[in-house]
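For clarity, every value in this text was computed on a predicted model and none was experimentally measured. Order of the sequence lines fixes the chain letters, A, B, ..., with proteins taken first and strands second; residue numbering starts at 1 for each chain.
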Number of protein chains: 2
Amino acid sequence: MLAAVLQVRAGSLQVMLWERAREPHAHRWSLPGGGLGDDEDVEASIRRQLAEKVDVRQLSHVEQLAVFSNPARVPGPRVVATAFLGLVPSHIDPLVPSDTAWHPVDALPATAFDHEAICRRARSRLASKLSYTNLGFALAPPEFTISALRSLYSAALGYKVSATNLQRVLSRRGLLEPTGGTVQPGPSGGRPAALFRFVSGEMRITDPFAVLRPPSARSLGP
Amino acid sequence: MLAAVLQVRAGSLQVMLWERAREPHAHRWSLPGGGLGDDEDVEASIRRQLAEKVDVRQLSHVEQLAVFSNPARVPGPRVVATAFLGLVPSHIDPLVPSDTAWHPVDALPATAFDHEAICRRARSRLASKLSYTNLGFALAPPEFTISALRSLYSAALGYKVSATNLQRVLSRRGLLEPTGGTVQPGPSGGRPAALFRFVSGEMRITDPFAVLRPPSARSLGP
DNA sequence: CAGGTTTTCGCCTAACGGTCGAAAACGTGG
DNA sequence: CCACGTTTTCGACCGTTAGGCGAAAACCTG
């Protein structure tokens, strides 16, 4: 039971790690996690484990990633880890214990065990799902401007995206909705930016390729 | 450690199940699987378990599906199951033990535990991946006609697909290649069908939405 | 009010998928 | 051996989508 909790912080995608005090792998950085209790499923368990590090109500999304089970992944007796991906919206700054800190995913410190591989999997899962789902809602605050959303996507994906296209694509899929409000421009001026929200907090997938879908089941309405 | 092994047989997507002889859930149908050994990872383990049912060399694809961990999913002490999706190409008819048989996924017999839910997950994963990867290679024989491929896709997806479109889409993505050979028409006549193959046996994904991809990283060639 | 900045919007083009119908290439029956 | 049915293949057309660009809108400062 391990979780890579990701958040866009200061313009880069970061992961929550804690520094191990004891062997094995003392002073290396490790993903939060722990053992499975008798009366809980893995989802409940990872939420319980994460509660020791952050307020779990701040987690906007949690999903299974994969099972890591190499017999040599940790020294000593074999430990099978079910890895999770967790997301925190960018407007929140969770209070974390003193042994815990955020690290940019493309500049990780020395990590324990196979946790770097798990982080890579989490990044890649997030990047994929940003493209064909509305998972962006889990990274973004309730309301945001298009340029703010653009920087979130850029940070999470690792490359620049076009604000024009981002807005058009998400709108056409029916995922984005204007709130009506606007935001005051910065000290350097500029047109006030309009505020948007994601239309629902549930996960919705836009079927990647309609390829061979029956005409009735097309992705969206007008 | 459980696997839903799927194959298109007689025009429908079917799953390999074995009939339980003993309690609990005697006479109900169950997915093959078993416990994890000390010196193997979960992939190796599920292949070892499946070897008791089929020749594992006939498995064209195996991947992790999800962890099923509801404390009440099986009676008695809690069992956490890592579920897998396995695929067998349609030209093979594996020899299976006498307690084992294939069942159409949309007409399952009485199943044991939560195995029906696992089958549903396997179906849905297969359907998704057929749309945005070249996973079709794992369902199809080495060479096939477009209409044969069309019926494979139709069976696996659960709805009719267009042969014209299937060929164009797969070709455009660079996944399909003509072998040059043709097939004799049936007794009722018709133009001889050309033979095709998938260009490589490895898994390749066609990125769903280029949405915000840098121009360089576009999906395909010329 | 002129110049700079940021956001928004419309237009153009290329690519993709859905559909249709014609043409190709075979068999069969008269 | 020729007309007909059958099956596959291919080209054409159309609507939708995404990428890119540039103009216009709306604000700031000096």
Side-chain angles (χ1 to χ4, degrees), chain A residues 130-132 143-151 153-154 157 159-196 206-222, chain B residues 130-132 143-151 153-154 157 159-196 206-222:
Chain A
L130 280 181
S131 289
Y132 66 94
E143 300 194 354
F144 46 85
T145 65
I146 294 298
S147 49
L149 191 63
R150 188 189 87 96
S151 26
Y153 272 71
S154 295
L157 293 170
Y159 48 79
K160 292 272 168 271
V161 302
S162 142
T164 299
N165 219 18
L166 182 61
Q167 173 175 10
R168 179 178 39 207
V169 166
L170 294 181
S171 301
R172 186 138 51 193
R173 291 181 193 162
L175 306 179
L176 221 53
E177 192 179 53
T179 69
T182 57
V183 139
Q184 301 312 321
S188 61
R191 176 170 173 169
L195 284 170
F196 290 81
T206 304
D207 270 324
F209 290 105
V211 180
L212 310 156
R213 224 151 293 280
S216 48
R218 300 293 294 112
S219 32
L220 305 173
Chain B
L130 280 181
S131 290
Y132 67 95
E143 299 194 354
F144 47 83
T145 65
I146 295 297
S147 49
L149 191 64
R150 189 190 85 98
S151 24
Y153 271 71
S154 296
L157 293 172
Y159 47 80
K160 292 274 169 267
V161 302
S162 143
T164 299
N165 219 18
L166 181 61
Q167 174 176 8
R168 180 180 38 202
V169 166
L170 294 181
S171 302
R172 193 144 44 191
R173 291 180 194 164
L175 305 179
L176 221 53
E177 190 180 55
T179 70
T182 58
V183 140
Q184 301 310 323
S188 61
R191 176 171 172 168
L195 285 170
F196 290 80
T206 305
D207 271 323
F209 290 105
V211 180
L212 311 158
R213 224 151 294 278
S216 49
R218 298 295 292 112
S219 33
L220 304 175

Rounded off to whole Å, could you give me the [atom1]-to-[atom2] distance for the [X] and [N] pair?
| X | N | atom1 | atom2 | answer |
| --- | --- | --- | --- | --- |
| Arg173(B) | dG17(C) | CZ | C1' | 10 Å |
| Leu195(B) | dT8(D) | CG | P | 12 Å |
| Arg168(B) | dC10(D) | CZ | C1' | 10 Å |
| Gln167(A) | dG10(C) | CD | C1' | 12 Å |
| Gln184(A) | dT6(C) | CD | P | 16 Å |
| Arg150(B) | dT19(C) | CZ | C1' | 14 Å |
| Leu166(B) | dC16(C) | CG | C1' | 15 Å |
| Arg172(B) | dC16(C) | CZ | P | 5 Å |

Choose from [options] the nucleotide whose nearest atom is closest to any side-chain atom of [X].
| X | options | answer |
| --- | --- | --- |
| Ser188(B) | dG17(C), dT6(D), dA18(D) | dT6(D) |
| Ile146(A) | dT8(C), dT6(D), dT9(D) | dT8(C) |
| Pro185(A) | dG17(C), dC26(C), dC27(D) | dC27(D) |
| Pro192(A) | dT19(C), dT6(C), dC27(D) | dC27(D) |
| Ala193(B) | dG17(C), dA25(C), dT8(D) | dT8(D) |

Where the side chain of Arg150(A) meets the backbone of Leu166(A), is there a donor-acceptor pair that is under 3.5 Å apart?
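Answer holds: no.
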Sugar-phosphate only, base, or nothing, as touched by Ala194(A) at under 4.0 Å among non-hydrogen atoms:
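Sugar-phosphate, no base atom in range.
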What's Thr145(B) touching, base or sugar-phosphate or nothing? Going by heavy atoms closer than 4.0 Å.
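Since no nucleic acid heavy atom lies under 4.0 Å of Thr145(B), the category is nothing.
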Are the side chains of Ile146(B) and Thr164(B) in touch, meaning some heavy atoms are under 4.5 Å apart?
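With C-beta onward as the side chain, the pair stays apart.
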Criterion side-chain contact (heavy atoms from CB on, under 4.5 Å) on Thr179(A) and Phe144(A), from CA distance to verdict
CA-CA 9 Å; Thr179(A) 69; Phe144(A) 46 85; over 6 Å; no
Closest contact, heavy atoms only, Ala193(B) versus Thr145(B)
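Minimum heavy-atom contact is CB-CG2, 3.6 Å.
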Ala148(A) to Ser151(A) - nearest heavy-atom pair and separation:
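Smallest heavy-atom distance, with atoms named: O-OG, 3.0 Å.
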Do the side chain of Arg191(B) and the base of dG27(C) come within less than 3.5 angstrom through a donor-acceptor pair of N or O atoms?
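Under the 3.5 Å cut-off, the side chain and the base do not form any donor-acceptor pair.
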